[in-house]
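Working notes, structure below.
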Amino acid sequence: MRVVLGQFHDPSDELLTFARQLGLAGIQVNTPWLPGERRWEVADLIALRERCESRGLALEAIENIPQSFYQRAMLGLPGRDEDIDNVRETIRNVGRAGIAILGYHFCPVGVVRTGMDDRGRGGAEVTSFDLAAALDPANAADLLVARRNAPRDDSEHLGKDDFAAGGYPDLGVEIGEEQMWENYRYFMEGVLPAAEEAGIRLAIHPDDPPVPSLGGIARIIRSVDALKRAAKLVPSPAWAVELCLGTVSEMGGEAAVLAAIDHFGPRGQIGYVHLRDVRGTVPVFEESFLGEGNYEPYRVVQALRRAGFDGFILDDHTPRLVGDTEWGHRGRAHAVGYIQALIDATAPRSA
């Protein structure tokens, strides 16, 4: 196991230097700022990888393609076959560029929070979610939904989840649970063969928050059982889970986290891990520092080792410390150091 730095759109010189200073050897980039309105081209992906490698850092994975690449496929709208064709070619180009994992989500409404500046330990800023508030139309103006396609010149918003107030996006449709599952099946039947051909893995992020529906769209990847269903729907060695332990903790605390690890780890289906946590589970939770949330991090990393996971781990959604940047350099440095210590403390020792 190893730690990488990620959760940003652009691997700038400053961020690559930061990764080296933290003692890391790998990078994960989230929805990178690459040319292309409908798909990514291989030359741009190679340039992205080589930029990381020029600083002695491996590009371990890309997490998320622009939602516009496959919005019609997620919603089951006319034009979805064109989206799938473009996603297939993007997948092939990711493989041609020598990048092993492509993370994705299947949640058109995206990450939602009802609070952005709740106060955690020592007054650190943390996000929170309350389902009753999220479903109340009176709160629409204050509801926070992550922007997954932040402008390329928006230098203050480097992170993957750039929250903006104003309510749910108007997607023009309402979709129930079984229709959403059918949309997922159709999409995976279209793209998994391309991933197998390209020699890469597609790793799905669970829906955050893991609730039945928001904004009129069912959220299907909301439990460990749902992840198991997703794995079986279109069986493929290219299918994997992007195991966001914070989101799984939102589902059911430590019991859910350990159940997911124990199921997917021995099957080799964990693409990589987000190590973060929350206090509370749906319908109400708030994000927290590692070590004060629902699960015991040491037990969780031990479980990952027992399950045979040997991939990479990264931080996610860290609390914002006093004097922190918008991206959260201080909070992320704390989380990275914590994870490095957990990996070291759980490593097998020679006699």
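Position 1 is the first residue of the sequence, and the numbers go up from there.
The shortest non-hydrogen separation linking Ser68 to Glu37 is OG-O, 4.0 Å. Of all the heavy atoms in Gly6 and Arg332, the pair that sits closest is O-NH1, 4.5 Å. Heavy atoms only, all atoms of each residue included: Ala260 and Val248 are closest at CB-CG1, 4.3 Å. The nearest pair of heavy atoms linking Ala218 to Ser213 is N-OG, 3.9 Å. Residue Arg222 comes nearest to Pro210 through the heavy atom pair O-CB, 3.5 Å, listed as atom of the first residue, atom of the second, then distance. The two residues Ala335 and Thr318 come nearest to each other via the heavy atoms CB-CG2, 3.7 Å.
The aromatic rings of Tyr272 and Phe312 lie parallel to each other, their planes meeting at an angle below 30°, with 60° marking the opposite boundary. Between Phe264 and Trp239, the ring planes are tilted. Angles from 30° to 60° get that label. Taking the six-membered ring for Trp and thresholds of 30 and 60 degrees, Tyr104 and Phe187 have ring planes inclined between 30 and 60 degrees apart.
Counting heavy atoms from C-beta outward, Glu242 and Leu202 have side chains that stay 4.5 Å or more apart. Residues Phe8 and Val29 have side chains in contact (heavy-atom distance under 4.5 Å, counting atoms from C-beta outward). Residues Asn294 and Val278 are in side-chain contact: their nearest non-hydrogen atoms beyond the backbone lie under 4.5 Å apart. The closest side-chain heavy-atom distance from Pro35 to Glu41 is not below 4.5 Å. Residues Leu171 and Val109 have side chains in contact (heavy-atom distance under 4.5 Å, counting atoms from C-beta outward). Between Val301 and Met1 the shortest side-chain heavy-atom distance falls below 4.5 Å. Residues Leu57 and Arg20 form a side-chain contact, since some pair of their non-hydrogen atoms from C-beta on lies under 4.5 Å apart. Between Val126 and Ser288 the shortest side-chain heavy-atom distance does not fall below 4.5 Å.
One distance of note links CD1 of Ile220 with CG of Leu227; it measures 10.0 Å at 0.5 Å rounding. Interatomic distance, CD of Glu250 versus OG1 of Thr281, reported as 9.5 Å (0.5 Å rounding). Leu45 CG to Ile62 CD1: the interatomic distance, rounded to the nearest 0.5 Å, is 5.0 Å. To the nearest 0.5 Å, atoms CD (Glu254) and CZ (Arg299) are separated by 4.0 Å. We find the CD-CD1 distance between Glu174 and Ile217 to be 7.5 Å, quoted to the nearest 0.5 Å. Taken to the nearest 0.5 Å, the OH atom of Tyr70 stands 14.0 Å off from the CG atom of Asn86.
A salt bridge does not link Asp81 with Arg88: every distance from a Lys NZ or Arg NE/NH1/NH2 to an Asp or Glu carboxylate oxygen is 4.0 Å or more. Classification of Arg80 and Glu182 as a salt-bridged pair fails, no side-chain N sitting under 4.0 Å from a carboxylate O. In summary, Asp13 and Arg51 do not engage in a salt bridge, as defined by a charged side-chain N under 4.0 Å from a carboxylate O. Here Asp83 pairs with Arg38 in a salt bridge; the nearest charged N to carboxylate O distance falls below 4.0 Å. By the 4.0 Å N-to-carboxylate-O rule, Glu14 lies too far from Arg55 to be salt-bridged with it. The residues Arg306 and Asp262 are annotated as not salt-bridged, no charged nitrogen and carboxylate oxygen being separated by less than 4.0 angstrom.
A side-chain donor-acceptor contact under 3.5 Å links Arg320 to the backbone of Glu326. Of the possible donor and acceptor atoms, none in the side chain of Arg96 sits under 3.5 Å from a partner among the backbone N and O of Ala43. With hydrogens and angles ignored, the 3.5 Å screen pairs no side-chain donor or acceptor of Asn139 with any backbone N or O of Ala134. Of the possible donor and acceptor atoms, none in the side chain of Asp207 sits under 3.5 Å from a partner among the backbone N and O of Pro209. A donor-acceptor pair under 3.5 Å is absent between the side-chain atoms of Thr346 and the main chain of Gln302, judged by distance alone. Remark: side-chain polar atoms of His9 are not paired, donor with acceptor, to backbone N or O of Pro32 under 3.5 angstrom. Under a 3.5 Å cut-off, the side chain of Arg219 and the backbone N or O of Asp208 do form a donor-acceptor pair. At distances below 3.5 Å, not a single donor-acceptor pair connects side-chain atoms of Glu286 with backbone N or O atoms of Gly120. Panel note: side chain Asp316, backbone Cys244; no donor-acceptor pair is recorded below 3.5 Å.
Residue His274 forms a side-chain hydrogen bond (donor to acceptor under 3.5 Å, both in side chains) with just one option from His317, Gln28, Glu63, and that option is Glu63. Shown are Arg279, Arg276, Arg119; of these, the salt bridge (Lys or Arg N to Asp or Glu O under 4.0 Å) with Glu287 is made only by Arg276.
In this view, Phe285 and Phe129 satisfy the ring pair (Phe, Tyr, Trp, His ring centres under 6.0 Å) rule, not counting sequence neighbours.
Within a 6.0 Å radius of CG in Asp117, more than 12 heavy atoms belonging to other residues, nucleotides or ligands are found. Open room surrounds CG on Asp310; 12 or fewer heavy atoms of other groups in view lie less than 6.0 Å from it.
Val257 and Leu275 fall within the same hydrophobic cluster, where Ile, Leu, Val, Met, Phe, Trp and Tyr residues are linked whenever their side-chain heavy atoms come under 4.5 Å apart, directly or through other members. By the rule that hydrophobic residues join a cluster once side-chain heavy atoms approach within less than 4.5 Å of another member, Ile200 and Val42 end up as members of separate clusters. In the hydrophobic clustering of this structure, Val94 does not group with Ile46; members are Ile, Leu, Val, Met, Phe, Trp, Tyr whose side-chain heavy atoms approach within less than 4.5 Å, directly or through other members. There is a path of hydrophobic side-chain contacts, each under 4.5 Å, that joins Leu258 to Val273. Hydrophobic clustering, with ILVMFWY side chains joined whenever heavy atoms are under 4.5 angstrom apart, keeps Trp327 apart from Val4.
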| Run the side chain to side chain contact (heavy atoms under 4.5 Å, CB included) check on Leu304 and Ile313 step by step: do they pass? | CA-CA 11 Å; Leu304 285 166; Ile313 300 174; 4.3 Å; yes
| query | Which is it for Gln340 and Asp344 under the side chain to side chain donor-acceptor pair (under 3.5 Å) test, yes or no, and what are the steps along the way? | reply | CA-CA 6 Å; Gln340 287 170 318; Asp344 183 65; over 6 Å; no
| Trp181/Leu233 under side chain to side chain contact (heavy atoms under 4.5 Å, CB included): CA gap, chis, key distance, verdict | CA-CA 9 Å; Trp181 275 113; Leu233 202 60; 3.9 Å; yes
| Evaluation steps, side chain to side chain donor-acceptor pair (under 3.5 Å), between Ser249 and Asp277 | CA-CA 6 Å; Ser249 182; Asp277 203 1; 2.6 Å; yes
| field | Leu16 vs Leu5, side chain to side chain contact (heavy atoms under 4.5 Å, CB included): CA-CA, chis, key distance, verdict | value | CA-CA 9 Å; Leu16 296 177; Leu5 189 71; over 6 Å; no
| task | Would you sort out whether His334 and Phe289 count as a side chain to side chain contact (heavy atoms under 4.5 Å, CB included), showing the intermediate values? | result | CA-CA 9 Å; His334 171 268; Phe289 288 98; 3.9 Å; yes
